[in-house]
2 protein chains.
Amino acid sequence: MKQEKELYRDFLRSKNLKLTKPRLIIMEAVFENHEHFNVDDLYEQIKKKHKNVSRATIYRTVPLLVESGLIKQSLRCESKDIYEHTYGHENHLHFICENCGKIIESGFSEVANLIDTLAEKENFKISEYNLGARGFCKDCQK
Amino acid sequence: MKQEKELYRDFLRSKNLKLTKPRLIIMEAVFENHEHFNVDDLYEQIKKKHKNVSRATIYRTVPLLVESGLIKQSLRCESKDIYEHTYGHENHLHFICENCGKIIESGFSEVANLIDTLAEKENFKISEYNLGARGFCKDCQK
DNA sequence: ATTTTATTGAGAATGAATCTCAAATGCATA
DNA sequence: TATGCATTTGAGATTCATTCTCAATAAAAT
């Protein structure tokens, strides 16, 4: 957590952005959690613990966290954008069980390498991978 | 196109749904195109042919086409749900440009093979792949 | 401490997707 | 071919996540 905070500070500084109280509160809330989250989750979490931060500010700050590389946008869920940590978390691909909703995380680098090659062929510069599959986990196949 | 229409008819019949004019117009519009599309694209396309169908009906009909297996939901683009054909189309992965929204399709089987191996390790049975990356196409990098 | 400039909060605005309901249509039956 | 009825449609209203606006506030530069 120390490190995330440092990285965040550096990022803000490098962009000439101010290190404001709401920005700190939001980033702390983000790293209290180790699950996927959406803006509303953050809002409620912050409301419970700290002083309030407006939804508008959360909506404005989350993209900064994404840009800083600390989190990334994940698959949408229930019509909401959801996010997941990237810092300190291996990139991974998701297997999502259509029956029980379980998310299984699996290897990544081999796949990413392959994708990189394909992207190069198209002259495409990747900023974020989106890799996974839906199906049935071992408990939900009968 | 003949076949798609047949499959669609059969699907509707099997669900005791009526083969109405709007449903036919929409499915024809869907299969005129060979690109990814969203509801608005369909609406405009249909309007051009002077066969108006309301947006509400398109929103109601697209899920039927998905359920029938003729199309599937693809990655979101510009805050809109987008769809792609599945019937008669190879699986592929998407590179989506964050700037201009262009979707580049690229190889698939090598990646899919790799993913299959990973899925096997987890004892996971894949029913649908979800493979791609966001970034910038060659025209949108400066 | 004062000035400058970015940031915030609150609510309004936007826009995709969904819902409502009276009118229209498909289709089974006579 | 006409009748009856359940389904479907269109148009607009509604919802809800996200973005925008702008006056008030806070950070940091001087």
Side-chain angles (χ1 to χ4, degrees), chain A residues 5 8-30 36-47 50-68 71-83, chain B residues 5 8-30 36-47 49-68 71-83 96 98 101:
Chain A
K5 207 179 240 172
Y8 188 47
R9 279 194 142 90
D10 292 347
F11 169 78
L12 291 176
R13 222 173 272 135
S14 76
K15 286 276 202 174
N16 279 325
L17 297 170
K18 295 178 178 170
L19 190 71
T20 62
K21 247 176 261 169
R23 280 180 182 153
L24 268 185
I25 291 170
I26 290 164
M27 102 84 111
E28 266 160 25
V30 165
H36 294 78
F37 63 91
N38 61 40
V39 166
D40 227 54
D41 294 336
L42 279 186
Y43 181 75
E44 291 303 333
Q45 195 182 332
I46 288 169
K47 205 157 126 190
H50 300 265
K51 320 98 197 181
N52 293 3
V53 172
S54 73
R55 274 200 176 73
T57 299
I58 302 179
Y59 273 110
R60 280 185 290 234
T61 302
V62 162
L64 295 178
L65 285 160
V66 171
E67 206 189 334
S68 77
I71 64 176
K72 72 165 197 168
Q73 209 172 342
S74 184
L75 296 170
R76 290 198 116 217
C77 210
E78 296 170 317
S79 309
K80 289 171 201 154
D81 288 340
I82 70 171
Y83 300 88
Chain B
K5 207 179 238 171
Y8 188 48
R9 280 194 142 89
D10 292 348
F11 169 78
L12 292 175
R13 222 172 273 137
S14 78
K15 286 274 197 175
N16 277 326
L17 297 171
K18 294 180 178 169
L19 189 71
T20 61
K21 248 175 261 169
R23 280 180 182 153
L24 267 185
I25 292 170
I26 290 164
M27 101 83 108
E28 265 159 25
V30 164
H36 294 78
F37 62 91
N38 60 40
V39 166
D40 226 55
D41 294 336
L42 279 186
Y43 180 75
E44 291 302 333
Q45 195 183 333
I46 289 170
K47 205 158 124 191
K49 301 205 129 192
H50 311 291
K51 298 178 177 177
N52 292 3
V53 171
S54 73
R55 274 201 176 72
T57 299
I58 302 179
Y59 274 111
R60 281 184 289 232
T61 302
V62 162
L64 295 179
L65 285 160
V66 171
E67 206 189 336
S68 77
I71 64 177
K72 70 165 195 169
Q73 209 172 342
S74 185
L75 295 171
R76 292 196 114 216
C77 208
E78 297 169 318
S79 309
K80 288 171 202 156
D81 288 341
I82 70 171
Y83 300 87
I96 299 183
E98 290 179 356

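A straight line from OH of Tyr43(B) to C1' of dA16(C) spans 15 Å, rounded to a whole angstrom. In this structure, Ile26(B) atom CD1 and dT9(D) atom C1' are separated by 10 Å, rounded to whole Å. Straight-line distance from the CG atom of Leu19(A) to the C1' atom of dT25(D): 17 Å, rounded to whole Å. A straight line from CG of Asn52(A) to P of dA10(C) spans 8 Å, rounded to a whole angstrom. Between the P atom of dT8(D) and the CG atom of Leu12(B) lies a distance of 9 Å, rounded to the nearest Å. Rounded to a whole Å, the CG atom of Asn38(B) is 8 Å from the P atom of dA17(C). The interatomic distance linking Lys80(A) (NZ) with dA17(C) (C1') rounds to 15 Å, in whole Å. For the pair Asp81(B) CG and dC16(D) C1', the computed distance is 14 Å after rounding to whole Å.
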Yes or no on side-chain contact (heavy atoms from CB on, under 4.5 Å) for Arg23(A) and Met27(A), after CA distance, side-chain angles and deciding distance?
-> CA-CA 6 Å; Arg23(A) 280 180 182 153; Met27(A) 102 84 111; over 6 Å; no
Decide yes or no on side-chain contact (heavy atoms from CB on, under 4.5 Å) for Ile96(B) and Cys77(B), but give the supporting numbers first.
-> CA-CA 8 Å; Ile96(B) 299 183; Cys77(B) 208; 4.1 Å; yes
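OP1 or OP2 of dT8(C) sits under 4.0 Å from a side-chain N or O of Thr20(A). In terms of phosphate contacts, Tyr59(A) brings no side-chain nitrogen or oxygen within less than 4.0 Å of OP1 or OP2 of dT19(D).
The nearest heavy atom of DNA chain C to Val39(B) and to Leu17(B) marks one nucleotide each, and the one closer to the 5' end goes with Val39(B).
Ranking dT7(C), dG26(C), dG10(D) by closeness to the Lys18(B) side chain, first place goes to dG26(C). Here dG9(C) is the nucleotide among dG9(C), dC19(C), dT18(C) with the atom lying nearest to any side-chain atom of Arg60(A). Taking the side chain of Thr57(B) as heavy atoms from C-beta on, and the options dT19(D), dT9(D), dT8(C), the nearest nucleotide is dT9(D). Counting only heavy atoms from C-beta on, Ala56(A) has its side chain closest to dG11(C) among dT18(D), dG11(C), dT9(D). Which of dT8(C), dG26(C), dA27(D) sits closest to the side chain of Lys21(A) comes down to dA27(D).
Between the CG atom in Leu42(A) and the CD atom in Glu44(A) there is a gap of 10.5 Å [rounded to 0.5 Å].
Under 4.0 Å is where a charged nitrogen must lie from a carboxylate oxygen, and between Lys49(B) and Glu28(B) no such pair does.
Side-chain contact between Leu64(A) and Ile26(A) is absent, with no heavy atoms from C-beta onward closer than 4.5 Å.
Taking only distance into account, the side chain of Arg76(A) never meets the base of dT18(D) through a donor-acceptor pair shorter than 3.5 Å.
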